[in-house]
Amino acid sequence: MRSDIIKKGLERTPHRALLFATGLPKSEINKPFIGVATSFTDIIPGHISMRDLERFIEKGIHSAGGYPFFFGIPGICDGIAMGHKGMRYSLPSRELIADMIECIVEAHQFDGIVLLTNCDKITPGMLMAAARLDIPAIVLTAGPMLAGYYKGQRRNLTSDTFEAVGKFKKGFLTKKDLEALELCACPGAGSCQGMYTANTMACVTEALGMSLPGVAATPAVMSEKRRLAFETGVKIVELIKRKINARQILTKEAFYNAITVDMALGGSTNTVLHIKAIANEAGIDLPLEIFDEISRKTPHIVNIIPSGEHYMEDLYIAGGIPAVLKRLKDKLYPNPTVSGFDIKDIAEKAEIYDENIIRPINKPYNKEGGVAILKGNLAPDGAVVKQTAVSPKMLKFEGVAKCFDSEEAAMKAILDGKIKEGDVVIIRYEGPSGGPGMREMLSPTSAITGMGLNESVALITDGRFSGGTRGPCIGHVSPEAARGGPIAIVKDGDKILIDIPKRKLEVLISEAEIKRRLKDWKPPKQKVKKGYLLRYTRSVSSADKGAILE
């Protein structure tokens with residue numbers, strides 16, 4: 001076992017002394033040592049239930065003959081970090097999480113790891129670590145939140161708080177309603193109720209084969225989640241005994257399967273960044289074009305908020321990700337999973353309990369998958385849009401640019417009523433390096449939607465969007481403005497062409513004019529002068545490469 005290096009031999013006498021100082025019984029020292037990385041925190045709703053799950057993981061590990069050591073990993077709540085400088089730290093935290101797990105696991109030579117996670121950057125950060133370390137690993141996502149209720153209707157974070165800001169501003173909501181929604185939209189533990197980034201990544205994790213069947217959609221408050229936590233603890237010991245390392249599961253075929261499921265679900269655009277980053281750690285080349293290639297041949301068969309009306313709890317009732325796999329079984333590659341079953345076996349044995357929530361392949365919500373990759377003179381290296389969340393009338397749109405060099409400036413203009421029908425809001429210098437940290441733009445997109453403009457106004461940014469975004473919102477524009485991408489030289493009044501079916505994103509000026517403007521362009525001053533973000537901005541790659549550190 002890997003852990004023998006810290007516990008066997010004469011020269012390890014001091015090491016054993018320190019291990020026994022933790023309370024380790026002498027009878028347990030020859031068992032597999034298992035690290036449990038837990039991202040429990042009091043400030044993220046998706047993580048507040050983890051203390052309970054930790055107990056059941058621990059019970060499972062002990063029952064199967066292992067010995068667990070818990071260690072903490074920090075997390076950021078994207079919703080709370082949204083709309084201010086705090087969001088600059090969200091995406092960069094992904095790299096810190098991967099690095100921290102690497103440090104702790106390698107320093108203590110654990111035989112395997114359980115990764116207890118749930119929210120936006122924590123899940124991909126943990127998967128990056130698993131791929132990098134290539135030891136036995138298994139993921140437990142803590143589960144989605146249940147819907148809230150107000151005036152007899154189901155409520156959720158995006159529609160009923162973020163979009164409520166714009167609705168209130170336009171007089172569509174009373175102050176009484178607004179204050180009531182604050183209290184009931186998010187009723188308790190779990191990752192926010194829709195196919196936002198956290199839940200999309202949980203589904204992607206299960207489709208990759210890195211969590212047990214049923215984990216992704218099982219709500220945080222269910223006793224079933226406790227049983228899954230126990231089985232996760234049991235299974236990591238089995239993986240160690242069978243010498244099944246992470247990269248035996250994280251194959252190229254696994255990533256293709258995960259992207260296929262992602263497209264069928266209409267998941268968050270952020271998964272493009274995260275799947276590429278995880279694949280990079282696994283040593284797998286995954287070009288941006290693969291997402292578009294798979295999307296074109298994968299129907300959108302599950303329509304959960306924000307693009308649809310269903311909630312994650314509905315997907316759970318309909319059969320969860322195993323049921324989605326069953327629908328897609330002819331499009332999946334055989335691949336092992338942490339459960340011990342091949343992904344195709346899981347698909348074959350699954351049952352579908354609701355034909356409308358998980359539609360047949362020949363009766364999809366949309367003929368193509370959730371994400372489209374756009375290119376053109378405004379985004380030579382690509383841009384990403386959640387096409388299933390775009391109104392049919394906005395799939396092709398020509399509008400007039402209104403340019404802002406920060407999210408705050410754009411948000412002020414939106415709330416001040418300065419954005420009108422036919423405008424294309426350009427928010428730049430918010431990319432991985434220029435932001436820094438590639439902030440999510442849920443506040444401006446939700447304000448536009450709440451004010452009733454999402455079918456007449458588009459938004460383009462070198463930043464990114466929350467999975468809760470809907471409407472013609474195009475992000476990840478590469479190259480980013482801070483590194484001289486064409487988005488930097490767009491001017492107010494320029495005409496912008498968006499053609500999602502043809503995958504085009506263009507500013508309608510001549511190539512000669514683009515070259516002239518780029519020649520006159522000067523890089524902006526760095527927004528940060530110290531600390532982690534300064535180091536991050538110097539080494540982060542572009543969005544089309546997954547915003548990985550180079």
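This one's a predicted model, so the numbers in the text were calculated from it and none came from an experiment.
With Thr197 as the partner, the side chain to side chain donor-acceptor pair (under 3.5 Å) test is satisfied by one option alone out of Ser466, Ser268, Ser191: Ser268. Of the residues listed (Val425, Val385, Leu378), the one engaging Ile460 in a side chain to side chain contact (heavy atoms under 4.5 Å, CB included) is Leu378, and it is the only one. Partner of Arg503 under the salt bridge (Lys or Arg N to Asp or Glu O under 4.0 Å) criterion, out of Glu368, Glu289, Glu293: Glu368 alone. Under the side chain to side chain contact (heavy atoms under 4.5 Å, CB included) rule, Leu265 has a single partner from Asn303, Asn199, Val302, which is Val302.
The number of heavy-atom neighbours closer than 6.0 Å to OH of Tyr89, taken from other residues, nucleotides and ligands shown, is 12 or below.
Taking 4.0 Å as the cut-off between side-chain N and carboxylate O, Asp292 and Lys375 do not count as a salt-bridged pair. One finds no salt bridge joining Lys527 and Glu407 here, because no Lys/Arg side-chain nitrogen approaches an Asp/Glu carboxylate oxygen to under 4.0 Å. Ion pairing between Arg132 and Glu106 fails under the 4.0 Å rule for side-chain N and carboxylate O. Between Arg483 and Asp381 there is no salt bridge, since no side-chain nitrogen of the basic residue lies less than 4.0 Å from a carboxylate oxygen of the acidic one.
Side chain to side chain, Ser39 and His47 meet the donor-acceptor criterion of an N or O pair below 3.5 Å. Looking only at atom types and distance, the side chain of Thr141 has no donor-acceptor partner in the side chain of Thr117 under 3.5 Å away. Using modelled atom types, one finds a donor on one side chain and an acceptor on the other under 3.5 Å when comparing Asn270 with Glu440.
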Using residues 255-262 as the side-chain source, report each donor-acceptor pair under 3.5 Å to any protein atom, sequence neighbours left out, with the distance given to one decimal.
from   : atom 1 : to     : atom 2 : distance (Å)
Asn257 : OD1    : Tyr333 : N      : 2.7
Asn257 : ND2    : Glu253 : O      : 3.4
Asn257 : ND2    : Tyr333 : O      : 2.9
Thr260 : OG1    : Tyr256 : O      : 2.8
Asp262 : OD2    : Thr271 : OG1    : 2.5

Enumerate, atom names and distances included, each donor-acceptor pair closer than 3.5 Å involving a side-chain atom of residues 542-550, sequence neighbours excluded.
from   : atom 1 : to     : atom 2 : distance (Å)
Ser542 : OG     : Asp544 : OD1    : 2.3

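In this structure, the salt bridge (charged side-chain N to carboxylate O under 4.0 Å, His left out) partners of Arg516, at least two apart in sequence or on a different chain, are Glu513, Asp520. Residues satisfying the side chain to side chain contact (heavy atoms under 4.5 Å, CB included) test with Asp285, not counting sequence neighbours, are Pro287. Residues satisfying the side chain to side chain contact (heavy atoms under 4.5 Å, CB included) criterion with Cys186, sequence neighbours excluded, are Met145, Leu157. Partners of Arg535 by side chain to side chain contact (heavy atoms under 4.5 Å, CB included), not counting sequence neighbours, listed by chain and number: Tyr532.
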Worksheet item: Taking it one step at a time, do Asp423 and Lys418 satisfy salt bridge (charged side-chain N to carboxylate O under 4.0 Å, His left out)?
Response: CA-CA 10 Å; Asp423 286 343; Lys418 294 180 180 179; over 6 Å; no

Worksheet entry | Full working for side-chain hydrogen bond (donor to acceptor under 3.5 Å, both in side chains) between Thr251 and Asn335 | CA-CA 8 Å; Thr251 65; Asn335 202 74; 2.4 Å; yes

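Gly370 and Ser295 make their closest contact through N-OG, 4.1 Å (heavy atoms, listed as atom of the first residue, atom of the second, distance).
Two residues are said to be in side-chain contact when any heavy atoms from C-beta on lie closer than 4.5 Å; Asp78 and Met87 meet this criterion. Here the side chains of Val424 and Phe397 are in contact, with some heavy-atom distance below 4.5 Å. Side-chain contact between Ile97 and Met126: present, with at least one pair of heavy atoms (C-beta onward) separated by less than 4.5 Å. Side-chain contact between His310 and Asn356: present, with at least one pair of heavy atoms (C-beta onward) separated by less than 4.5 Å. The shortest side-chain heavy-atom distance between Met263 and Val371 falls under the 4.5 Å cut-off. The shortest side-chain heavy-atom distance between Leu115 and Ile101 falls under the 4.5 Å cut-off. Counting heavy atoms from C-beta on, the side chains of Pro45 and Cys77 come closer than 4.5 Å. Side-chain atoms of Arg359 and His300, non-hydrogen and from C-beta on, never get closer than 4.5 Å to each other.
Atom NE2 of His476 sits about 4.0 Å away from atom OG1 of Thr269, to the nearest 0.5 Å.
The main-chain N or O of Ala482 is never found under 3.5 Å from a side-chain atom of Arg428 such that the two would form a donor-acceptor pair.
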